[in-house]
Amino acid sequence: IVALNRHTGDVIWTSAAKGEKPAFNSPRLIERKGNQILVTYSKENFLGLDAKTGKLLWSESFKAKYPNHANTVLYEDGAIYTAAPIGHGVLKYDLSDDGSSITKVWQDTLVKNYFGGMIKLDNKLYISVGGKSKNLVILDANTGMIKDSVETGSGSVIYADGMLYT
């Protein structure tokens with residue numbers, strides 16, 4: 001992982017992280033009580049790095065049959081939501097106040113989101129599910145319990161003008 005100066009292109013820092021190839025997702029910069037944490041995936045790990053130094057703060061194994069990890073994480077009020085296919089499903093983590101660690105709150109392995117991300121509105125997560133089941137699934141963001149689903153076909157989910165689109 002490399003941090004570059006946006007004006008000059010000069011390297012600010014590099015991090016081997018876990019020494020793996022990158023995944024397909026876009027990293028997320030999280031600000032937590034004065035700290036900046038870069039959250040991303042590598043081929044087999046979910047990672048949090050100090051955005052100022054590149055130091056690896058935490059990691060969690062995310063080995064999968066198809067390690068594409070194409071979703072960018074959601075973050076809100078100390079909670080990180082992430083989705084990965086085959087075996088991992090959708091997860092909620094609590095991020096420590098200083099950003100140096102995560103604690104798994106819940107995991108739903110029935111929902112398999114390959115790409116297309118998720119939207120959080122109030123206490124609901126709206127997630128497009130791929131594979132054989134092509135539904136828009138609604139999860140309770142506090143518990144991870146499936147609340148509802150509707151068949152939509154696979155694809156991304158977006159929110160605009162007070163409406164969800166998939």
Side-chain angles (χ1 to χ4, degrees), residues 1 3-4 6 22-49 51 57-60 62-97 99 101-166:
I1 300 170
L4 304 173
R6 71 183 176 114
F24 298 129
N25 73 307
S26 296
R28 169 68 50 123
L29 184 62
I30 292 174
E31 297 207 22
R32 179 84 169 138
K33 303 206 178 200
N35 297 307
Q36 292 187 320
I37 301 95
L38 183 76
V39 179
T40 192
Y41 280 99
S42 62
K43 181 179 177 185
E44 296 183 344
N45 283 280
F46 183 47
L47 309 165
L49 293 96
L57 300 172
W58 49 262
S59 68
E60 177 140 337
F62 262 71
K63 292 182 182 176
K65 183 176 180 183
Y66 304 106
N68 56 0
H69 306 306
N71 290 302
T72 300
V73 302
L74 290 179
Y75 175 75
E76 183 179 80
D77 298 328
I80 298 173
Y81 301 90
T82 187
I86 306 178
H88 297 288
V90 183
L91 299 98
K92 178 182 179 181
Y93 293 94
D94 279 339
L95 180 64
S96 66
D97 284 346
S101 64
I102 55 173
T103 304
K104 189 185 300 180
V105 177
W106 55 256
Q107 180 175 14
D108 176 291
T109 57
L110 298 175
V111 176
K112 295 169 180 64
N113 182 280
Y114 296 85
F115 61 88
M118 60 187 132
I119 302 290
K120 183 176 183 294
L121 298 172
D122 299 320
N123 278 331
K124 295 178 182 168
L125 290 175
Y126 297 86
I127 303 166
S128 182
V129 179
K132 293 179 182 177
S133 170
K134 296 179 182 353
N135 293 339
L136 177 67
V137 175
I138 302 151
L139 297 177
D140 181 301
N142 293 320
T143 66
M145 300 295 295
I146 296 173
K147 292 296 190 182
D148 202 358
S149 70
V150 61
E151 189 171 337
T152 59
S154 61
S156 298
V157 59
I158 62 170
Y159 176 76
D161 299 325
M163 297 184 67
L164 287 167
Y165 299 90
T166 183

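- Put simply, the side chain of Trp58 reaches to within 4.5 Å of the side chain of Val39, judged on heavy atoms.
- Contact check for Leu95 versus Tyr75: side-chain heavy atoms found under the 4.5 Å cut-off.
- Closest approach of Leu139 and Gly144 over heavy atoms only: CD2-O, 3.5 Å.
- The minimum heavy-atom distance linking Ile37 with Gly48 is given by the pair CG2-CA, 4.1 Å.
- Of all heavy-atom pairs spanning Ile119 and Ile158, the tightest one is CD1-CA, 4.1 Å.
- The CG atom of Leu125 lies 9.5 Å from the CG atom of Asn142; values are rounded to the nearest 0.5 Å.
- The backbone N or O of Asn45 lies less than 3.5 Å from no partner atom in the side chain of Lys43, so there is not a single donor-acceptor pair.
- Here salt bridge (charged side-chain N to carboxylate O under 4.0 Å, His left out) pairs that include residues 23-36, with residues two or more places apart or in two chains, are Arg32-Asp97, Lys33-Asp97.
- The heavy-atom pair separating Ala141 from Lys120 by the smallest distance is CB-CE, 3.7 Å.
- We find the CG-OG distance between Asn35 and Ser96 to be 8.5 Å, quoted to the nearest 0.5 Å.
- Remark: Lys104 pairs with Glu60 by the salt bridge (charged side-chain N to carboxylate O under 4.0 Å, His left out) rule, at least two apart or across chains.
- Atom CD1 of residue Ile1 and atom CG of residue Leu49 lie 4.5 Å apart, to the nearest 0.5 angstrom.
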May I have the step-by-step check of ring pair (Phe, Tyr, Trp, His ring centres under 6.0 Å) for Phe46 and Tyr93, ending in yes or no? CA-CA 11 Å; Phe46 183 47; Tyr93 293 94; 5.5 Å; yes
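- Nearest heavy atom pair, residue Pro27 against residue Thr72, reads O-CG2, 4.3 Å.
- Taking NZ of Lys147 as the reference point, atom CG of Asp140 lies at 5.0 Å (rounded to 0.5 Å).
- Side-chain atoms of Trp106 never come within 3.5 Å of backbone atoms of Val90 as a donor-acceptor pair (strictly under, hydrogens ignored).
- Side-chain contact check for Tyr41 and Thr82: at least one donor-acceptor pair (N or O, by modelled atom type) lies under 3.5 Å.
- Considering all non-hydrogen atoms of both residues, Ala51 and Leu29 come closest at CB-CD1, 3.6 Å.
- Using a 4.5 Å heavy-atom threshold, the side chains of Asp148 and Val150 count as separate.
- The number of heavy atoms from other shown groups lying within 6.0 Å of NZ (Lys124) does not exceed 12.
- In this structure, the separation between OG on Ser149 and CD1 on Ile127 is 12.0 Å, given to the nearest 0.5 Å.
- Listed by chain and number, the residues in a side chain to side chain donor-acceptor pair (under 3.5 Å) with Glu151 amount to none (sequence neighbours excluded).
- We find the CG-CD1 distance between Leu91 and Ile80 to be 11.0 Å, quoted to the nearest 0.5 Å.
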